[in-house]
Amino acid sequence: MKTAEIKRRYLAHFEANGHAVVPSAPLPAIDDPNLLFVPAGMVPFVPYFLGQQTPPYRRAVSVQKCIRTPDIDEVGKTSRHGTFFQMNGNFSFGDYFKEGAIPLAWELMTTSSAQGGLGLDADRLWVTVYLDDDEAYDIWHRTVGVPAERIVRRGKGPNFWDMGIPGPCGPCSEIFIDRGPEYGLDGGPEVDEDRFMELWNLVFMQYERGPGAGKDYPLVGELPAKNIDTGMGLERMASVLQGVDNLYEIDEIRPILARAAELTGKRYGAHSGHVASESHPDDVRLRVIADHLRTALMLIGDGVTPSNEGRGYVLRRIMRRAIRAVRLLGYQDPALPELLPVARDCMAPSYPELAAEFGRIADYAYGEEEAFLSTLRAGTTILDTAIAETRSAGRPALSGEKAFQLHDTYGFPIDLTLEIAAEQGLQVDADGFRRLMADQRNRAKADAQARKTGHTDVSAYRGVLDAGGPVEFTGYTELTRESRVRAVLAGGGEVGAAAEGDTVELVLDTTPFYAEGGGQQPDQGLITVGGGQVEVFDVQQPVPGLIVHRARVVRGEVRAGETGYAEIDVTRRRAISRSHTATHLVHQTMRNFLGASATQAGSLNAPGRLRFDFNTPTGVAPSVLHDVEQQVNEVLLADLEVHAFITTQEEARRIGAMALFGEKYGERVRVVEVGDYARELCGGTHVARSAQLGLVKILSEASVGSGVRRIEALVGMDAFGFLAREHLLVSRLAELFRVPGDQVADRVEQTVTQLRDAEKELDKLRAQLVLGGAAALAAQARDVRGVAYVGTEAPEGAAGNDVRTLAQEIRGKIDPARPAVVAVAARSNGKASLVVSVNPAARSRGLAANDLVKAAFSGRGGGSADLAQGGGLPAAEAPTLLLTVEKAIADT
Ligand code: SER
């Protein structure tokens, strides 16, 4: 039975039993900051289990895409570990409990295939229950009729399920299939989990667990209701129903494996029997390739892109493992273009969006493979040398420095260094490596800080922060503010006071000045303190919570402790706020057009202009950019209200606020929304209504690194000014070309073509002019010791090419039976040059063009015996050159 069919029957069975069919959530677990990817079918339903939200249904069924990577090293070595898998699950939120879940599962499993079930032989099924769960035991034994000898009571490890983090949990009951004596020992799952393979887990969710490692956590309470969460591994079920040995051989994976084997010239399964018994390394590699590439396909399909952090790093690591496995099988060329389309064809029946989006997916995947292959080429040689050196020095481990150098200089990933070293029986000083990494990180942080603040040492700032607490920013609602000067700093320490002409850093207790952050440029303005005044030119937060004004004292003196009056430059602030709101609109609109993977990768909000960097594998078509611009401007006209509010992270996520990936947000977050159009977590300042932006004009879109593109745009009067200038330019051109503005481009193109044609014509005429005289000149050949000699100057301005052609032409017009030498001198740019052409009859008399040129230029010049040239003497020398050639002929 095909995997897609099992999935279909599963959903149909539970739908017929009153369950709502819920589509799979995307793989990235965006709703849970503790998880990178959804690892189980129940994850999207956690708020229902915990009673935080009311479910819209009391029974649900889903086939959820899942990723688990803790067992990544087991992939290919056992029959049942995959990084990507699909979990079929049925759920009850306070509706049925054990008495419902157990028979529902049993019915689907054991109903014959002809009657729409999965058709498993009941005699091959075993079940487990939690130690003291007599209720489940009785249902299995009495209601369902499973004989007592195939019901096993097991402890917390296997039979008490939780997510690995605080959340819902409960005892569980699992269903196993006996795959037969060839897979291992008899005696049930307690004895051999390869022979007895778990197919289905029924969790009786009724408690909430607290923090703790492994199974060592407290139960912090009962859930508001008794729930059911079940999980049936689709791939495992498919392997059983398709009668294959392991999950890598099912219909959704095997073709990838087969193609990889074909490509690398390996025969899969040539060496061994079942997976659980020792597998040949080549078979393991083929399985790794198949599993990992399918995972990569699904991840990129769900918007994850390779990077060095978080989810992107997991994807990168998975892809690199697969790519390396291909190398280890002896295939050196890029393999993904051969393999990924196979993975697509395997998965598209269940996930048609993969076929639709394949262009984008492939761009990322193939790009990553190419980048990694060049890293591998550079790094492997260096690593091999280092390993050989380590060996010959008799050391047991590769030094941390070497591993760090490979990582830092060549981008060679540490896990690969570890893996390759291990294959060669060497260890790596991983602690040393980590120490060096940490040092580097700290250095980079200090550097970044120093660049922003001018100090490497932040202890003075810390002192000011500790003494007075965080500085309150009041600038969301105020443009001016009276506040006490808490500290005056200069040269990295507190100074108490500063006089006219000094550059200082001022800290106020509260301030309307916005410190640079979130891509938004800092405010500027004035602070008046007593009789003194400072001009603020920059505002930074050198340590979180401390706003520091960098300023010049322009009048009088400022002292700590005095009260100051702070006023920001309102025009600048408004222009920056317009840009910031515009950035949100561009971000949302890009996503509308390019999909959710077009996430922000950086931004700059400056007065009147913005820069927006975003992730995408390919350029954006000009027509799309045009549509984006148009939609943004339509939002301006709609005059939407811009509204900011503080809420919990959870609520923000619920209402779909965009958050920047990799950014840390506190529990309370600020959400900025532009009407219903855009909603984003943001600490910046904005306009009050979208119409205040006036106009947004996109100027350009270009690449700024692999997978990252940049949009630059103007906002407000700057956008208007730009368009007005462009308009003037077009008007002026229209006037000059005497056509309406919309015909200027055509006219320019026409003119350029005409000009080019005219130039060509001119060249032709010039050449004709030069060559036209060739016959007359040939007729004037003089006899120099039996050699017909023509020595002449080319017309003024003749090009080098024409001079050469002229010399050849004259020579051609002289009877070949006569030995002939033609010398043409030319003057251009104040220099004289010379071309000499010699015919075969003259050559057999011992004359050579290159010798003659050398004679004229005292040894310099080049060419063949046939045709040679020289140059570089003053223009006035032209006649002398001709005479020298004539003399040289005479002397030969
Ligand atoms: N949550 C359980 C599991 O993942 C059942 O769905 O096994």
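Just follow the structure's listing: the first ligand is 1, and inside any ligand the first atom is 1. Values below: every heavy atom of this structure, side chains too, minus hydrogens, waters and symmetry copies.
Looking at residues two or more places apart in sequence or on another chain, you find a salt bridge (charged side-chain N to carboxylate O under 4.0 Å, His left out) between E419 and R324. For H19, the ring-ring contact (aromatic ring centres under 6.0 Å, His included) partners two or more places apart in sequence, or in a different chain, are F14, Y96.
Closest heavy-atom contact between K215 and K156: O-NZ, 3.5 Å.
With hydrogens and angles left out, the side-chain atoms of T648 and R653 include no donor and acceptor closer than 3.5 Å. Side-chain contact check for N615 and T305: no donor-acceptor pair (N or O, by modelled atom type) lies under 3.5 Å. With 3.5 Å as the limit, one finds a donor-acceptor pair spanning the side chains of D291 and T83.
Every atom of ligand 1 is numbered from 1 in the order shown, and the set under 4.0 Å from a heavy atom of G231 is 5 (C), 6 (O). In summary, the atoms of ligand 1 found under 4.0 Å from a heavy atom of M87, numbered by their order in the structure, are 3 (C), 4 (O), 6 (O). Heavy-atom contacts of A40 reach the following atoms of ligand 1: 4 (O) (cutoff under 4.0 Å). The contact set between ligand 1 and M42, taken as ligand atoms under 4.0 Å from a residue heavy atom, comprises 1 (N). Taking every heavy atom of D229 and a limit of under 4.0 angstrom, the matching atoms of ligand 1 come to 1 (N), 2 (C), 5 (C), 6 (O).
Within the 4.0 Å heavy-atom cutoff, R68 counts among the residues contacting ligand 1.
For atom 7 (O) of ligand 1, the nearest non-hydrogen atom of the protein is N201 ND2, 3.2 Å.
Contacts with ligand 1 closer than 4.0 Å are made by backbone heavy atoms (N, CA, C, O) of T230 only, the side chain lying farther away.
Cation-pi check for R153 over Y137 is met; the charged atom lies under 6.0 angstrom from the ring centroid and within 45 degrees of its normal.
Considering backbone and side-chain N/O atoms, V203 never comes within less than 3.5 Å of an N/O atom of ligand 1.
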